Structures are given as structure tokens and as C-alpha cells.
Amino acid sequence: MDLIISEADERFRAEARAYFRHEYPQAILAKPANGQVLTKADRVASEQALAAKGWLAPGWPQEYGGPGWSVTQRFIFDEELERAGAPSVSPMGLLYVAPVIYTFGTQAQKDRWLPDILNCRTLWAQGYSEPEAGSDLASLRMSAERDGDDYILNGEKIWTSDAHDADWIFCLVRTQTSPRKQDGITFICIDMRTPGVAVIPIITIDGGHHLNRVTFTGVRVPVENRIGEEGQGWAYARHLLNHERTSYAHVAAKQCQVAELKRLSTAAPWGDASADSRDGFRRRLAEVELRVEALEITVLRVLAPLASGAAPGNESSILKIMATETAQAITELNLELAGVYGAPYFEDRSGADWKTGFDAIPTFAPSAVAGYFLARAQTIYGGATEIQKNIIARQLGL
Ligand SMILES: Cc1cc2nc3c(=O)[nH]c(=O)nc-3n(C[C@H](O)[C@H](O)[C@H](O)COP(=O)(O)OP(=O)(O)OC[C@H]3O[C@@H](n4cnc5c(N)ncnc54)[C@H](O)[C@@H]3O)c2cc1C
């Protein structure tokens with residue numbers, strides 16, 4: 001591991017911090033602090049502000065519009081973004097499909113899709129999972145049959161995050177039935193406005209609309225939208241998943257959440273609890289703080305090889321387990337603090353006046369409950385924990 005923070009890095013940190021304090025839209029930072037939920041417009045405004053500065057795609061190679069930062073600078077930038085309380089970028093376009101496009105796409109595909117992603121003019125969704133094809137992703141059945149210069153797509157995707165807001169979706173589809181199910185899978189990009197694409201909302205237990213079922217009925221997609229070779233999509237999909245699993249760490253956000261837990265736990269309603277339960281809470285909070293420290297070291301270990309241009313490898317599975325289990329442990333402490341005050345989590349909290357009628361409710365409490373419910377999904381999406389453990393075991397030759 002060789003990620004040393006130099007004086008130049010510290011100057012970069014000061015520059016990034018000053019940007020979030022003075023240039024970045026402050027109205028977006030104020031909303032979560034007021035217990036509000038960010039809207040799509042807020043997220044787009046945030047990403048367009050970063051794009052205007054040239055800072056939306058820190059991980060992209062410079063030739064495609066990345067800022068040319070070192071791995072250390074990228075780490076510092078993520079820390080400063082999260083410390084400022086700015087929302088993380090929507091990953092589907094910037095972090096997931098873009099590396100596949102610039103690594104395996106044609107020049108025409110790069111010219112067509114990358115500038116819009118880089119400037120947040122288009123939002124993307126990830127169409128991998130299907131009913132009966134989640135952990136066992138290679139069992140996917142959505143078909144793409146060649147018809148001249150087009151493919152005709154039929155089938156469905158499920159648990160598709162933010163498909164209702166997306167302009168494009170990248171999908172794994174079956175172009176051939178092969179004895180080895182990983183063969184015959186193709187990676188293709190579909191304009192969400194194409195006739196035959198339908199988005200059906202799935203409302204999750206936190207009361208939010210994040211997920212969808214997306215159906216494809218006779219959807220005609222030009223062959224030029226296929227990335228790479230027909231039937232080789234599994235290799236591109238795995239490349240993407242390793243990028244995805246490296247993106248879950250959010251160390252600085254977790255450090256801020258731990259600091260906030262410490263602050264909140266000294267105030268009402270927690271102040272009424274018995275000494276025994278207070279001690280138990282403090283012990284669990286200390287344990288979580290140590291887990292966040294261990295996570296930070298693990299992130300640095302996973303990032304270090306990337307400094308020499310390597311792509312993320314299977315070690316991203318370790319990071320995924322640690323990051324998501326720690327995130328859940330934090331939400332459990334938040335839930336405990338919120339107690340009965342968390343009940344209005346299902347209220348519409350998009351407006352600044354959401355607290356009208358809930359004056360006695362601490363601002364953090366409803367978000368704490370919604371956050372707890374939503375975080376249950378972290379150990380499922382991007383490959384469930386059991387699947388990550390299988391990958392690690394295989395790597396160790398077990
Ligand atoms: C909030 C959320 C957002 C999501 N967003 C997207 C998205 O944008 N795009 C997308 O394509 N998908 C998305 N998904 C789907 C996600 O990737 C799948 O839910 C996940 O891969 C698990 O698949 P499954 O739900 O079919 O569960 P299953 O595969 O049926 O697994 C059920 C249980 O069995 C265990 N299990 C399965 N196989 C094994 C095995 N071989 N060894 C040990 N244990 C095993 C699993 O770990 C799990 O605990 C999202 C899911 C959620 C919850």
C-alpha cells in the first residue's frame with residue numbers, strides 16, 4: 001500500500017473544500033440538514049455544477065474528459081464532497097457504463113454517449129437483474145434476435161434503480177442459447193423512449209420510489225448500440241461489476257454520520273434513556289467507529305494498485321461487504337436514537353415545510369428510519385454478501 005498524502009495533495013484538499021463552501025450550490029446542501037429528500041432536479045443541479053467545474057468524472061481518463069487526478073486526489077475529493085454533505089453522483093452512467101464504453105466501445109459510441117454523461121445531460125439505468133436471474137445473473141432470459149441492422153428485444157428486467165428517471169438503459173441480453181450460460185450474453189444500450197419499453201414502479205419499504213420493473217416488448221434497437229462483440233457481454237459485465245463494488249465505500253460520509261451520532265446521542269430524546277442502555281449504545285457506537293477506520297484502510301489498499309492504471313479486481317468484494325455492513329450498523333444506531341420520533345418517515349419530505357404539524361419531531365428522526373429500511377438493500381444489490389463471500393473463497397482456492 002503506497003498512498004501517501006503529500007503537501008500538494010493537502011493544497012488540493014483546501015481547493016476542493018473551498019469549492020464546496022463557496023461555489024457549489026448551497027441550497028442543495030441545506031436540504032438534507034433540514035430532513036428533506038433530494039429530488040431529481042436537485043441531483044441534476046448538483047451534477048451539472050460539478051460538471052461545470054470539470055469535476056464530475058474524477059475516475060475517467062483525461063482523454064475522455066476526466067480531470068487527470070491521481071488516485072489520492074480522487075480519494076480526497078470524495079472525502080470533501082461527502083464532508084460537505086453533497087449527494088454522491090448517480091453511478092449508473094458515470095461509474096458503471098462509462099468505463100465499459102471507453103474501454104470496449106467504438107469511437108462512434110464514445111463520441112455519442114460520453115459527452116452527455118460527462119455533462120449530466122443524460123441519466124442511465126442498469127438492466128442486469130431479472131426474475132430468477134439475480135445472484136445467478138448468467139441465467140438471464142431477456143432475448144435479442146437479430147433482424148437486419150436491428151435487434152428485437154423481448155423480456156423484462158427487475159429492481160431497476162431509477163429507470164423512471166433514466167434516458168438510457170444498458171442491458172445484458174441473450175443473443176444465443178449456449179451450453180455454458182455465460183456465453184451468448186450481449187451488452188446493449190437502449191433509449192428509454194423506444195416504443196415497447198414500459199416502466200412499472202416498485203415502492204420500497206422506506207416509502208420511496210427508487211426501483212422499477214422494466215418490460216421490453218418487440219423493442220427494436222440498432223445493432224450499433226451493442227458494445228463490443230456479440231455474445232461476449234459477460235466479460236464486459238464483470239468489468240463493470242468490479243467498478244461498481246469499489247464505489248460503495250463512502251468513508252467520509254460514514255465518518256460524518258458517526259460524528260453526528262455522537263452529537264445527537266447527547267441530546268433529547270436519547271437523554272431520557274437509562275444509564276445501562278446509554279452505555280450499550282456508546283459501546284456499539286465505538287465499535288462502528290473502529291469499523292469505519294478499518295474500512296478506510298481497506299479502501300486505500302484496494303485503490304493503491306489503481307494508481308498504476310490497473311482495473312479493480314476481485315478484492316472489491318471485500319470492500320463491498322465491509323462498506324455495506326458498516327453502513328447498516330450506522331443506520332441501526334440511528335434507528336435506535338430516533339425511536340418513536342421516526343414515525344413520520346413515510347410523509348412527503350420533498351418540501352421545506354414538511355415539519356408543519358410535527359414540531360416536536362427531531363429533524364433527523366424520519367430520515368433515520370427511512371435510511372435504516374433502505375440500507376437493508378445494500379447487502380443485496382451489486383451482488384449479495386453471500387455471493388461476495390463465494391468470490392473471495394474462490395480467490396483463496398477454497
Ligand atoms: C435496492 C435495490 C436496487 C437494485 N438495483 C438494481 C439495478 O439498478 N439494476 C439491476 O440489474 N439490479 C438491481 N438490483 C438487483 C440486485 O442486483 C439483486 O437483487 C441481487 O443480485 C440478488 O438477486 P435476487 O434478488 O434475485 O436474490 P437471489 O439471487 O434469489 O438470492 C436470494 C438469497 O439467496 C442467496 N444466494 C443466492 N445464490 C447463492 C449462492 N450461490 N451461494 C450462497 N447464497 C446464495 C443470496 O445471497 C440471497 O441472500 C437491485 C436490488 C435492490 C434490492
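The structure displayed is predicted, hence computed values, not measured ones. Whatever order the structure lists them in is the order used to number ligands and atoms, beginning at 1.
Taking the ring centre of Tyr248 as origin, the terminal cationic atom of Lys320 falls inside the region bounded by 6.0 Å and 45° from the ring axis. Under the 6.0 Å distance and 45° angle rule, Arg376 counts as a cation-pi partner of Tyr372.
A salt bridge does not link Lys254 to Glu82: none of the charged nitrogens lies less than 4.0 Å from a carboxylate oxygen.
There is a side-chain donor-acceptor pair under 3.5 Å between Lys110 and Tyr64. Between the side chains of Asp9 and Ser6, at least one donor-acceptor pair of N or O atoms lies under 3.5 Å.
Under the 3.5 Å distance criterion, the side-chain polar atoms of Thr72 are left unmatched by any main-chain donor or acceptor of Ile5.
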Any protein N/O atoms within less than 3.5 Å of an N/O atom in ligand 1? List the atom names and distances, or say none.
unit_1   : atom_1 : unit_2 : atom_2 : d
ligand 1 : 5 (N)  : Trp159 : O      : 2.8
ligand 1 : 5 (N)  : Ser161 : OG     : 2.8
ligand 1 : 8 (O)  : Ser161 : N      : 3.0
ligand 1 : 8 (O)  : Ser161 : OG     : 3.2
ligand 1 : 9 (N)  : Gln126 : O      : 2.7
ligand 1 : 11 (O) : Gln126 : O      : 3.3
ligand 1 : 11 (O) : Tyr128 : N      : 2.9
ligand 1 : 11 (O) : Ser129 : N      : 2.7
ligand 1 : 11 (O) : Ser129 : OG     : 3.3
ligand 1 : 12 (N) : Ser129 : OG     : 2.8
ligand 1 : 17 (O) : Ser129 : OG     : 3.4
ligand 1 : 23 (O) : Ser135 : N      : 3.3
ligand 1 : 29 (O) : Ser135 : N      : 3.0
ligand 1 : 29 (O) : Ser135 : OG     : 2.6
ligand 1 : 42 (N) : Asn390 : ND2    : 3.2
ligand 1 : 47 (O) : Glu386 : OE1    : 2.6

